[in-house]
Amino acid sequence: MTRGRDLEVSLREALAPIAADAPMPTDVLDVPGGSIRSRAAPATIRPAAAIMVVLAAVLVTIGALSALDALPWQRTGDPVLITPDLQSLDVTPRVLPNPELVGFDPGQASGPVVQAATGTAYGSPFRLLAYQSGGHCLWFSYRDVLGGGGCSGLPQDDEGGGPDLGMALADRTPSLPGYVYGLLRPGVDRAWVDGVEGDRVAAEVIPLDLAGIDAQAYLAFFPAEFAPARIVLTDAAGTAIAAYDIEALMEIPPLGGGGPSRVPSIDLVVRNHTDAAVEGRLEDEGPSSTGSGTAEVPGCEIGWLSSGWFPGVAYRGSVNGVLVHESVRDPVEVPSGHALEVLVDVRPGAEPTVTSIELRTIEESVSRSTSDGRGTWTGRAAEIADGLDCGAPPDGP
Amino acid sequence: MDVARARTDPASGAHRTEFQERFATARPRLTAVLRAVVGRTDAEDLVQETYVRASERLDQLRDPDRFEAWLVRIALNEAMSLHRRRRSERHRLRRAPHDVGAPATDLGLRELVERLDPRERAIVVLHYGYGYRMNEIATLLGLSQINVRTLAHRARRRLRDELEEVAP
(Lines give C-alpha, C1' and ligand atoms only; values in the text may rest on other atoms or scores of the structure.)
Protein backbone atom coordinates (compact mmCIF):
# COMPACT_ATOMS: atom_id res chain seq x y z
CA MET A 1 0.00 0.00 0.00
CA THR A 2 2.20 2.80 1.24
CA ARG A 3 5.88 2.51 0.43
CA GLY A 4 8.96 4.69 0.34
CA ARG A 5 8.22 8.27 -0.45
CA ASP A 6 4.48 7.61 -0.37
CA LEU A 7 4.78 6.81 3.31
CA GLU A 8 6.66 10.03 3.96
CA VAL A 9 4.02 12.06 2.16
CA SER A 10 1.28 10.29 4.10
CA LEU A 11 3.06 10.93 7.37
CA ARG A 12 3.43 14.63 6.62
CA GLU A 13 -0.24 14.87 5.76
CA ALA A 14 -1.34 12.92 8.81
CA LEU A 15 0.87 14.77 11.27
CA ALA A 16 0.82 18.28 9.84
CA PRO A 17 -2.04 19.45 12.11
CA ILE A 18 0.13 18.79 15.15
CA ALA A 19 2.27 21.86 14.62
CA ALA A 20 -0.85 24.03 14.52
CA ASP A 21 -2.60 22.33 17.44
CA ALA A 22 0.45 22.27 19.71
CA PRO A 23 2.93 24.87 18.46
CA MET A 24 6.50 24.44 19.53
CA PRO A 25 8.31 27.51 20.90
CA THR A 26 10.19 28.94 17.94
CA ASP A 27 13.43 29.26 19.86
CA VAL A 28 13.47 25.75 21.26
CA LEU A 29 16.67 24.93 19.40
CA ASP A 30 18.42 27.97 20.78
CA VAL A 31 18.43 26.68 24.34
CA PRO A 32 21.96 25.57 25.25
CA GLY A 33 22.04 21.85 25.95
CA GLY A 34 24.04 22.28 29.11
CA SER A 35 21.33 24.39 30.70
CA ILE A 36 18.79 21.59 30.65
CA ARG A 37 21.02 18.94 32.12
CA SER A 38 22.53 18.36 35.48
CA ARG A 39 26.29 18.09 35.34
CA ALA A 40 26.23 16.08 38.50
CA ALA A 41 24.48 13.24 36.75
CA PRO A 42 24.98 13.60 33.02
CA ALA A 43 24.47 9.91 32.45
CA THR A 44 20.78 10.41 32.99
CA ILE A 45 20.39 12.62 29.97
CA ARG A 46 22.41 10.78 27.43
CA PRO A 47 21.03 7.77 25.60
CA ALA A 48 21.87 5.05 28.06
CA ALA A 49 21.39 2.52 25.35
CA ALA A 50 23.67 4.29 22.93
CA ILE A 51 23.14 1.91 20.13
CA MET A 52 25.90 2.95 17.86
CA VAL A 53 29.44 2.22 18.76
CA VAL A 54 32.04 4.72 17.91
CA LEU A 55 35.58 4.43 19.04
CA ALA A 56 37.65 7.35 18.02
CA ALA A 57 41.03 6.21 19.10
CA VAL A 58 44.00 8.22 18.06
CA LEU A 59 47.20 6.46 18.76
CA VAL A 60 50.00 8.93 18.93
CA THR A 61 53.39 7.38 18.87
CA ILE A 62 56.45 8.89 20.36
CA GLY A 63 57.82 9.87 17.00
CA ALA A 64 54.62 11.47 15.92
CA LEU A 65 54.27 13.31 19.15
CA SER A 66 57.66 14.86 18.64
CA ALA A 67 56.05 17.09 16.09
CA LEU A 68 53.73 18.44 18.73
CA ASP A 69 55.09 21.41 20.54
CA ALA A 70 53.88 22.23 23.98
CA LEU A 71 51.53 25.12 23.62
CA PRO A 72 51.69 28.14 25.86
CA TRP A 73 48.92 27.92 28.37
CA GLN A 74 47.13 31.19 28.60
CA ARG A 75 44.98 31.40 31.64
CA THR A 76 42.22 33.90 31.44
CA GLY A 77 40.61 32.96 34.72
CA ASP A 78 40.15 30.09 37.09
CA PRO A 79 38.72 27.13 35.24
CA VAL A 80 35.46 25.71 36.54
CA LEU A 81 36.26 22.30 37.90
CA ILE A 82 33.93 19.58 36.62
CA THR A 83 33.62 16.48 38.73
CA PRO A 84 33.29 13.42 36.53
CA ASP A 85 30.54 11.00 37.46
CA LEU A 86 32.61 8.18 38.90
CA GLN A 87 30.58 5.66 40.86
CA SER A 88 33.79 3.93 41.94
CA LEU A 89 37.49 4.40 41.39
CA ASP A 90 40.55 2.42 42.42
CA VAL A 91 43.91 3.76 41.23
CA THR A 92 46.15 1.65 43.43
CA PRO A 93 48.34 -0.27 40.98
CA ARG A 94 48.50 -4.01 41.52
CA VAL A 95 49.76 -6.96 39.54
CA LEU A 96 47.00 -9.11 38.10
CA PRO A 97 47.93 -12.77 38.48
CA ASN A 98 45.22 -13.85 36.04
CA PRO A 99 44.63 -10.98 33.59
CA GLU A 100 42.70 -13.28 31.28
CA LEU A 101 39.87 -13.06 33.81
CA VAL A 102 39.34 -9.42 32.84
CA GLY A 103 39.50 -10.10 29.12
CA PHE A 104 43.18 -9.39 28.57
CA ASP A 105 45.25 -11.85 26.54
CA PRO A 106 48.26 -12.52 28.80
CA GLY A 107 50.25 -13.74 25.79
CA GLN A 108 50.64 -10.10 24.77
CA ALA A 109 52.74 -9.22 27.80
CA SER A 110 56.42 -9.91 28.32
CA GLY A 111 56.23 -9.07 32.02
CA PRO A 112 53.72 -8.44 34.77
CA VAL A 113 50.31 -7.11 33.85
CA VAL A 114 49.44 -4.28 36.20
CA GLN A 115 45.99 -2.93 36.84
CA ALA A 116 46.52 0.81 36.99
CA ALA A 117 42.90 1.83 37.44
CA THR A 118 39.49 0.31 37.65
CA GLY A 119 36.03 1.51 38.57
CA THR A 120 32.77 2.69 37.10
CA ALA A 121 32.37 5.93 35.18
CA TYR A 122 29.03 7.25 33.95
CA GLY A 123 27.45 3.92 34.72
CA SER A 124 29.92 1.73 32.85
CA PRO A 125 32.80 -0.23 34.32
CA PHE A 126 36.31 0.51 33.09
CA ARG A 127 39.77 -0.94 33.55
CA LEU A 128 43.21 0.36 32.61
CA LEU A 129 46.09 -2.11 32.45
CA ALA A 130 49.79 -1.49 31.88
CA TYR A 131 52.34 -4.00 30.64
CA GLN A 132 55.43 -4.34 28.49
CA SER A 133 55.54 -6.00 25.10
CA GLY A 134 58.43 -4.72 23.06
CA GLY A 135 57.27 -1.31 24.16
CA HIS A 136 55.36 0.28 27.00
CA CYS A 137 51.73 -0.56 26.70
CA LEU A 138 48.32 0.40 27.99
CA TRP A 139 45.11 -1.58 27.59
CA PHE A 140 41.74 -0.08 28.32
CA SER A 141 38.21 -1.41 28.42
CA TYR A 142 35.14 0.73 28.87
CA ARG A 143 31.55 0.85 27.66
CA ASP A 144 31.48 -0.67 24.17
CA VAL A 145 35.25 -0.87 23.98
CA LEU A 146 35.96 -4.44 24.90
CA GLY A 147 39.67 -3.79 25.12
CA GLY A 148 42.06 -1.60 23.22
CA GLY A 149 45.17 0.42 23.63
CA GLY A 150 48.67 0.62 22.34
CA CYS A 151 52.38 0.42 22.97
CA SER A 152 55.07 3.01 22.49
CA GLY A 153 58.39 4.19 23.82
CA LEU A 154 58.76 6.35 26.90
CA PRO A 155 57.86 10.01 26.67
CA GLN A 156 61.20 11.14 28.03
CA ASP A 157 63.15 9.13 25.45
CA ASP A 158 61.77 11.16 22.63
CA GLU A 159 64.45 13.32 21.08
CA GLY A 160 61.96 15.73 19.63
CA GLY A 161 62.48 17.98 22.61
CA GLY A 162 60.55 18.41 25.77
CA PRO A 163 57.89 15.78 25.45
CA ASP A 164 55.90 15.10 28.56
CA LEU A 165 53.28 12.88 27.04
CA GLY A 166 53.68 9.53 25.37
CA MET A 167 50.93 7.94 23.44
CA ALA A 168 47.51 9.43 23.94
CA LEU A 169 44.21 7.79 23.20
CA ALA A 170 40.85 9.46 23.36
CA ASP A 171 37.20 8.85 22.74
CA ARG A 172 35.20 12.00 22.27
CA THR A 173 32.05 10.58 20.77
CA PRO A 174 29.43 13.33 20.69
CA SER A 175 26.56 12.77 23.11
CA LEU A 176 28.48 10.25 25.20
CA PRO A 177 30.84 10.81 28.12
CA GLY A 178 34.41 10.73 26.86
CA TYR A 179 37.82 9.84 28.13
CA VAL A 180 41.51 10.43 27.51
CA TYR A 181 44.35 8.27 28.68
CA GLY A 182 47.99 7.75 27.90
CA LEU A 183 51.53 7.86 29.15
CA LEU A 184 53.12 10.73 31.00
CA ARG A 185 56.76 11.25 31.95
CA PRO A 186 57.77 10.72 35.58
CA GLY A 187 57.96 13.78 37.77
CA VAL A 188 54.75 15.44 36.60
CA ASP A 189 52.53 15.79 39.64
CA ARG A 190 49.15 16.50 38.15
CA ALA A 191 47.36 16.41 34.83
CA TRP A 192 44.11 18.06 33.81
CA VAL A 193 41.91 18.17 30.77
CA ASP A 194 40.69 21.66 29.99
CA GLY A 195 37.51 22.21 28.02
CA VAL A 196 36.81 24.83 25.41
CA GLU A 197 34.50 26.69 27.74
CA GLY A 198 37.06 27.22 30.45
CA ASP A 199 35.99 24.17 32.39
CA ARG A 200 38.34 21.47 33.57
CA VAL A 201 38.44 17.88 34.75
CA ALA A 202 41.23 16.34 36.76
CA ALA A 203 43.07 13.33 35.39
CA GLU A 204 44.22 10.52 37.60
CA VAL A 205 48.00 10.14 37.48
CA ILE A 206 49.16 6.62 38.26
CA PRO A 207 52.75 5.36 38.64
CA LEU A 208 53.61 2.32 36.56
CA ASP A 209 56.80 1.08 38.21
CA LEU A 210 55.08 -2.16 39.16
CA ALA A 211 54.92 -2.91 35.45
CA GLY A 212 58.57 -1.93 35.05
CA ILE A 213 57.59 1.17 33.10
CA ASP A 214 59.46 4.37 33.87
CA ALA A 215 56.43 6.54 33.21
CA GLN A 216 53.04 7.33 34.64
CA ALA A 217 49.61 6.68 33.23
CA TYR A 218 46.97 9.38 33.14
CA LEU A 219 43.25 8.84 32.76
CA ALA A 220 40.40 11.31 32.72
CA PHE A 221 36.67 10.98 32.12
CA PHE A 222 34.44 13.86 31.18
CA PRO A 223 30.71 14.36 30.60
CA ALA A 224 29.13 14.40 27.17
CA GLU A 225 28.70 18.16 27.15
CA PHE A 226 32.36 18.76 27.98
CA ALA A 227 34.43 19.58 24.89
CA PRO A 228 38.07 18.77 25.67
CA ALA A 229 40.60 21.26 24.36
CA ARG A 230 43.95 20.50 25.94
CA ILE A 231 45.84 18.41 28.44
CA VAL A 232 47.46 20.63 31.03
CA LEU A 233 50.31 19.45 33.24
CA THR A 234 51.05 21.13 36.52
CA ASP A 235 53.32 20.70 39.47
CA ALA A 236 52.02 19.89 42.92
CA ALA A 237 51.28 23.57 43.58
CA GLY A 238 49.15 23.82 40.47
CA THR A 239 51.64 25.81 38.42
CA ALA A 240 51.40 24.96 34.78
CA ILE A 241 54.31 23.12 33.22
CA ALA A 242 52.93 22.60 29.75
CA ALA A 243 49.72 22.29 27.83
CA TYR A 244 49.03 20.10 24.83
CA ASP A 245 46.23 20.86 22.43
CA ILE A 246 44.15 17.73 22.06
CA GLU A 247 42.91 18.76 18.65
CA ALA A 248 46.51 18.96 17.54
CA LEU A 249 46.92 15.31 18.44
CA MET A 250 44.72 14.61 15.48
CA GLU A 251 46.39 17.10 13.23
CA ILE A 252 50.03 16.31 13.55
CA PRO A 253 52.05 15.52 10.43
CA PRO A 254 52.53 11.85 9.61
CA LEU A 255 55.81 10.29 10.59
CA GLY A 256 58.69 11.44 8.47
CA GLY A 257 56.55 13.70 6.39
CA GLY A 258 56.05 17.35 5.95
CA GLY A 259 53.16 18.45 3.86
CA PRO A 260 49.66 19.00 5.05
CA SER A 261 49.31 18.76 8.78
CA ARG A 262 46.27 16.51 9.10
CA VAL A 263 47.15 13.03 10.12
CA PRO A 264 45.69 10.33 7.87
CA SER A 265 43.63 7.60 9.41
CA ILE A 266 42.19 4.19 8.75
CA ASP A 267 38.54 3.57 9.62
CA LEU A 268 37.16 0.07 9.94
CA VAL A 269 33.42 0.59 9.53
CA VAL A 270 31.07 -2.25 10.39
CA ARG A 271 27.52 -2.20 9.11
CA ASN A 272 25.70 -4.87 11.03
CA HIS A 273 22.56 -5.99 9.23
CA THR A 274 21.94 -8.80 11.71
CA ASP A 275 20.04 -8.64 14.97
CA ALA A 276 23.00 -9.93 16.97
CA ALA A 277 25.98 -7.90 18.16
CA VAL A 278 29.27 -8.38 16.35
CA GLU A 279 32.79 -7.61 17.46
CA GLY A 280 35.10 -5.44 15.41
CA ARG A 281 38.82 -5.23 15.95
CA LEU A 282 41.49 -3.01 14.45
CA GLU A 283 45.16 -3.68 15.13
CA ASP A 284 48.29 -1.87 14.06
CA GLU A 285 51.86 -2.96 14.26
CA GLY A 286 54.80 -0.73 13.51
CA PRO A 287 58.52 -0.76 14.22
CA SER A 288 58.17 1.20 17.44
CA SER A 289 54.55 0.88 18.44
CA THR A 290 51.55 -1.39 18.34
CA GLY A 291 47.95 -0.71 19.02
CA SER A 292 44.57 -2.32 18.95
CA GLY A 293 40.93 -1.54 19.54
CA THR A 294 38.01 -3.87 19.91
CA ALA A 295 34.42 -2.73 19.98
CA GLU A 296 30.99 -4.24 19.92
CA VAL A 297 28.53 -3.20 17.25
CA PRO A 298 24.99 -4.04 18.35
CA GLY A 299 22.46 -5.60 16.02
CA CYS A 300 21.08 -3.36 13.31
CA GLU A 301 23.64 -0.64 13.94
CA ILE A 302 26.82 0.69 12.48
CA GLY A 303 30.07 1.23 14.30
CA TRP A 304 33.64 1.99 13.51
CA LEU A 305 37.14 1.92 14.85
CA SER A 306 39.68 4.50 13.84
CA SER A 307 43.40 4.72 14.13
CA GLY A 308 46.00 7.16 12.92
CA TRP A 309 47.59 5.82 9.71
CA PHE A 310 51.35 5.88 9.47
CA PRO A 311 53.65 4.63 6.69
CA GLY A 312 55.43 1.42 7.58
CA VAL A 313 52.74 0.32 10.00
CA ALA A 314 50.67 -2.77 9.25
CA TYR A 315 46.94 -2.64 9.93
CA ARG A 316 44.61 -5.58 10.36
CA GLY A 317 40.85 -5.38 10.68
CA SER A 318 38.65 -8.26 11.72
CA VAL A 319 35.00 -8.82 12.53
CA ASN A 320 33.93 -11.66 14.79
CA GLY A 321 37.45 -13.05 14.49
CA VAL A 322 37.36 -13.11 10.68
CA LEU A 323 40.22 -11.16 9.13
CA VAL A 324 38.65 -8.78 6.65
CA HIS A 325 41.45 -6.37 5.86
CA GLU A 326 45.20 -6.60 6.00
CA SER A 327 47.11 -3.60 4.78
CA VAL A 328 50.21 -5.56 3.80
CA ARG A 329 48.05 -7.72 1.53
CA ASP A 330 46.33 -4.76 0.02
CA PRO A 331 48.69 -1.82 0.39
CA VAL A 332 47.23 1.61 -0.08
CA GLU A 333 48.96 4.92 0.32
CA VAL A 334 46.89 7.17 2.52
CA PRO A 335 47.85 10.80 1.93
CA SER A 336 47.75 13.41 4.62
CA GLY A 337 44.29 14.74 5.17
CA HIS A 338 42.67 11.49 4.09
CA ALA A 339 41.12 8.44 5.67
CA LEU A 340 41.06 4.94 4.30
CA GLU A 341 37.56 3.63 4.87
CA VAL A 342 37.16 -0.14 4.96
CA LEU A 343 33.43 -0.82 4.96
CA VAL A 344 32.42 -4.27 6.15
CA ASP A 345 28.89 -5.61 5.87
CA VAL A 346 27.70 -8.33 8.20
CA ARG A 347 24.59 -10.17 7.04
CA PRO A 348 22.68 -13.04 8.61
CA GLY A 349 24.21 -16.42 7.88
CA ALA A 350 27.18 -15.00 5.98
CA GLU A 351 30.76 -14.17 6.80
CA PRO A 352 31.65 -10.50 7.18
CA THR A 353 32.39 -9.07 3.75
CA VAL A 354 34.36 -6.02 2.76
CA THR A 355 31.99 -4.01 0.60
CA SER A 356 34.29 -1.17 -0.29
CA ILE A 357 37.69 0.30 0.41
CA GLU A 358 37.76 3.98 -0.33
CA LEU A 359 39.93 6.97 0.30
CA ARG A 360 38.01 9.92 1.65
CA THR A 361 39.11 13.28 2.80
CA ILE A 362 39.14 13.58 6.56
CA GLU A 363 36.24 16.00 6.37
CA GLU A 364 34.21 13.42 4.47
CA SER A 365 35.26 10.50 6.64
CA VAL A 366 33.09 8.75 9.14
CA SER A 367 35.56 9.21 11.97
CA ARG A 368 35.89 12.94 11.51
CA SER A 369 32.47 13.28 13.06
CA THR A 370 33.95 12.38 16.39
CA SER A 371 36.87 14.72 16.24
CA ASP A 372 35.31 17.98 17.21
CA GLY A 373 34.29 17.14 20.72
CA ARG A 374 30.61 17.80 20.75
CA GLY A 375 30.25 18.15 17.01
CA THR A 376 27.65 16.68 14.79
CA TRP A 377 27.72 13.44 12.88
CA THR A 378 28.89 13.57 9.32
CA GLY A 379 26.80 12.81 6.34
CA ARG A 380 28.97 9.78 5.71
CA ALA A 381 27.87 8.13 8.96
CA ALA A 382 24.26 8.82 8.07
CA GLU A 383 24.75 7.44 4.56
CA ILE A 384 26.13 4.21 5.92
CA ALA A 385 23.34 3.91 8.47
CA ASP A 386 20.76 4.51 5.77
CA GLY A 387 22.06 1.42 4.03
CA LEU A 388 21.15 -0.79 6.96
CA ASP A 389 18.83 -3.63 6.05
CA CYS A 390 18.03 -5.42 9.24
CA GLY A 391 15.10 -7.65 8.43
CA ALA A 392 12.88 -8.08 11.46
CA PRO A 393 13.12 -5.23 13.96
CA PRO A 394 15.16 -6.13 17.01
CA ASP A 395 13.52 -6.46 20.37
CA GLY A 396 13.58 -2.85 21.42
CA PRO A 397 15.81 0.05 20.42
CA MET B 1 33.91 33.82 41.93
CA ASP B 2 32.12 31.73 44.44
CA VAL B 3 29.97 29.71 42.11
CA ALA B 4 27.86 28.23 44.84
CA ARG B 5 26.90 31.64 46.19
CA ALA B 6 26.14 33.03 42.80
CA ARG B 7 23.53 30.40 42.12
CA THR B 8 19.93 31.31 42.58
CA ASP B 9 18.19 29.31 45.22
CA PRO B 10 15.02 28.12 43.50
CA ALA B 11 13.40 27.52 46.85
CA SER B 12 13.80 31.10 47.94
CA GLY B 13 10.64 33.16 48.09
CA ALA B 14 10.71 35.72 45.29
CA HIS B 15 12.34 33.52 42.71
CA ARG B 16 10.06 30.64 43.49
CA THR B 17 6.90 32.69 43.18
CA GLU B 18 8.00 34.12 39.86
CA PHE B 19 8.96 30.66 38.66
CA GLN B 20 5.58 29.24 39.63
CA GLU B 21 3.77 32.00 37.81
CA ARG B 22 5.77 31.63 34.67
CA PHE B 23 5.41 27.86 34.78
CA ALA B 24 1.65 28.17 35.14
CA THR B 25 1.57 30.40 32.07
CA ALA B 26 3.69 28.00 30.07
CA ARG B 27 1.94 24.87 31.26
CA PRO B 28 -0.81 24.66 28.57
CA ARG B 29 1.65 24.86 25.71
CA LEU B 30 4.04 22.48 27.42
CA THR B 31 1.26 19.97 27.95
CA ALA B 32 0.09 20.27 24.36
CA VAL B 33 3.57 19.74 22.96
CA LEU B 34 4.17 16.75 25.21
CA ARG B 35 0.85 15.20 24.27
CA ALA B 36 1.77 15.56 20.62
CA VAL B 37 5.30 14.29 20.90
CA VAL B 38 5.17 11.61 23.57
CA GLY B 39 1.47 10.91 23.92
CA ARG B 40 -1.38 11.72 26.23
CA THR B 41 -0.62 9.02 28.76
CA ASP B 42 2.75 10.34 29.81
CA ALA B 43 2.24 14.03 29.17
CA GLU B 44 0.82 14.97 32.57
CA ASP B 45 3.48 13.03 34.45
CA LEU B 46 6.15 14.66 32.37
CA VAL B 47 4.77 18.12 33.04
CA GLN B 48 5.09 17.45 36.76
CA GLU B 49 8.55 16.03 36.31
CA THR B 50 9.54 19.05 34.25
CA TYR B 51 8.32 21.37 37.00
CA VAL B 52 10.54 19.63 39.53
CA ARG B 53 13.58 19.52 37.27
CA ALA B 54 13.18 23.11 36.13
CA SER B 55 12.90 24.37 39.68
CA GLU B 56 16.08 22.50 40.55
CA ARG B 57 17.94 23.94 37.57
CA LEU B 58 16.60 27.45 37.55
CA ASP B 59 20.12 28.76 37.99
CA GLN B 60 21.00 27.23 34.62
CA LEU B 61 18.43 29.23 32.71
CA ARG B 62 20.70 31.61 30.84
CA ASP B 63 18.11 33.53 28.87
CA PRO B 64 14.87 34.21 30.78
CA ASP B 65 13.17 35.16 27.49
CA ARG B 66 13.50 31.55 26.44
CA PHE B 67 11.74 30.16 29.49
CA GLU B 68 9.13 28.19 27.53
CA ALA B 69 11.67 26.81 25.11
CA TRP B 70 13.85 25.84 28.07
CA LEU B 71 10.94 24.01 29.67
CA VAL B 72 10.19 22.12 26.47
CA ARG B 73 13.81 21.02 26.19
CA ILE B 74 13.81 19.82 29.79
CA ALA B 75 10.55 18.01 29.18
CA LEU B 76 11.88 16.24 26.09
CA ASN B 77 14.94 15.17 28.03
CA GLU B 78 12.76 13.87 30.80
CA ALA B 79 10.67 12.03 28.24
CA MET B 80 13.75 10.22 26.98
CA SER B 81 14.72 9.39 30.56
CA LEU B 82 11.26 8.02 31.22
CA HIS B 83 11.54 5.90 28.12
CA ARG B 84 14.82 4.43 29.34
CA ARG B 85 13.37 3.62 32.75
CA ARG B 86 10.51 1.75 31.16
CA ARG B 87 12.46 0.00 28.49
CA SER B 88 13.02 -3.28 30.31
CA GLU B 89 9.32 -3.53 31.03
CA ARG B 90 8.48 -2.97 27.38
CA HIS B 91 10.92 -5.65 26.36
CA ARG B 92 8.96 -8.13 28.39
CA LEU B 93 5.72 -7.01 26.83
CA ARG B 94 7.09 -7.29 23.33
CA ARG B 95 7.93 -10.92 23.81
CA ALA B 96 4.21 -11.56 24.05
CA PRO B 97 2.97 -9.39 21.20
CA HIS B 98 -0.38 -11.12 20.93
CA ASP B 99 -1.21 -10.31 24.51
CA VAL B 100 -0.94 -6.57 24.31
CA GLY B 101 -2.37 -3.83 22.19
CA ALA B 102 -5.22 -3.83 19.75
CA PRO B 103 -4.91 -5.18 16.25
CA ALA B 104 -3.94 -2.52 13.78
CA THR B 105 -6.75 -3.28 11.40
CA ASP B 106 -8.86 -0.24 12.13
CA LEU B 107 -6.13 2.22 12.82
CA GLY B 108 -5.14 5.20 10.72
CA LEU B 109 -1.60 6.34 10.18
CA ARG B 110 -1.69 8.82 13.05
CA GLU B 111 -2.88 6.15 15.44
CA LEU B 112 -0.13 3.84 14.26
CA VAL B 113 2.38 6.56 15.00
CA GLU B 114 1.01 6.82 18.52
CA ARG B 115 1.65 3.10 19.01
CA LEU B 116 5.34 3.43 18.16
CA ASP B 117 8.09 3.13 20.72
CA PRO B 118 8.27 6.53 22.52
CA ARG B 119 11.58 7.54 21.00
CA GLU B 120 10.51 6.52 17.51
CA ARG B 121 7.23 8.28 17.96
CA ALA B 122 8.92 11.47 19.15
CA ILE B 123 11.24 11.44 16.15
CA VAL B 124 8.44 10.83 13.67
CA VAL B 125 6.27 13.57 15.16
CA LEU B 126 9.11 16.08 15.37
CA HIS B 127 10.18 15.36 11.78
CA TYR B 128 6.91 14.92 9.92
CA GLY B 129 4.66 16.96 12.20
CA TYR B 130 6.92 19.83 13.18
CA GLY B 131 9.32 19.67 10.24
CA TYR B 132 12.53 19.47 12.23
CA ARG B 133 15.58 18.03 10.51
CA MET B 134 17.31 14.97 11.92
CA ASN B 135 20.21 16.95 13.35
CA GLU B 136 17.77 19.28 15.08
CA ILE B 137 15.85 16.35 16.52
CA ALA B 138 19.11 14.93 17.81
CA THR B 139 19.66 18.19 19.66
CA LEU B 140 16.12 18.31 21.00
CA LEU B 141 16.15 14.75 22.30
CA GLY B 142 19.76 14.57 23.43
CA LEU B 143 20.48 11.72 21.02
CA SER B 144 23.17 11.39 18.40
CA GLN B 145 22.21 12.05 14.82
CA ILE B 146 23.01 8.54 13.82
CA ASN B 147 20.82 7.24 16.59
CA VAL B 148 17.98 9.45 15.42
CA ARG B 149 18.38 8.32 11.83
CA THR B 150 18.45 4.68 12.84
CA LEU B 151 15.34 5.06 14.98
CA ALA B 152 13.58 6.93 12.19
CA HIS B 153 14.50 4.14 9.80
CA ARG B 154 13.02 1.59 12.18
CA ALA B 155 9.91 3.63 12.75
CA ARG B 156 9.22 3.90 9.03
CA ARG B 157 9.77 0.19 8.63
CA ARG B 158 7.37 -0.59 11.47
CA LEU B 159 4.75 1.74 10.03
CA ARG B 160 5.15 0.26 6.58
CA ASP B 161 4.81 -3.26 7.97
CA GLU B 162 1.73 -2.31 9.96
CA LEU B 163 0.15 -0.64 6.97
CA GLU B 164 0.81 -3.67 4.81
CA GLU B 165 -0.93 -5.80 7.40
CA VAL B 166 -3.95 -3.54 7.15
CA ALA B 167 -3.98 -3.44 3.35
CA PRO B 168 -1.65 -6.10 1.93
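Just the heavy atoms: all of them, side chains too, but no hydrogens, waters or symmetry mates, feed the values below. Chain identifiers are assigned alphabetically (A, B, ...) following the order of the sequence lines, protein sequences preceding nucleic acid strands; residue numbering begins at 1 within each chain.
Here the CZ atom belonging to B/Arg35 is positioned 13.5 Å from the CD1 atom belonging to A/Ile18, to the nearest 0.5 angstrom. Interatomic distance, B/Leu163 CG to A/Leu7 CG, rounded to the nearest 0.5 Å: 6.5 Å. The CG atom of B/Leu159 sits 10.5 Å away from the OG atom of A/Ser10 when rounded to the nearest 0.5 Å. One distance of note links CG of A/Leu11 with CG of B/Leu112; it measures 9.5 Å at 0.5 Å rounding. In this structure, A/Asp27 CG and B/Arg73 CZ are separated by 10.5 Å, a value rounded to the nearest 0.5 Å.
With a threshold of 4.5 angstrom between heavy atoms, B/Val113 approaches chain A through side-chain atoms but not through N, CA, C or O. Only the side chain of B/Arg29 comes within contact range of chain A, with heavy atoms under 4.5 Å apart.
Looking at B/Asp63 and A/Val31, their side chains never come closer than 4.5 Å, going by heavy atoms from C-beta outward. The side-chain heavy atoms of B/Arg110 and A/Pro17, taken from C-beta on, include a pair separated by under 4.5 Å. Contact annotation: the side chain of B/Tyr132 approaches that of A/Val28 to within less than 4.5 Å [non-hydrogen atoms, C-beta and beyond]. Counting heavy atoms from C-beta outward, A/Met24 and B/Leu126 have side chains that approach closer than 4.5 Å.
B/Gly129 and A/Ala19 get closest at one heavy-atom pair: O-CB, 3.5 Å. Here the closest heavy-atom approach between residue A/Pro23 and residue B/Val33 is recorded as O-CG2, 3.5 Å. Nearest heavy-atom pair across B/Ala32 and A/Ala22 is O-CB, 3.4 Å.
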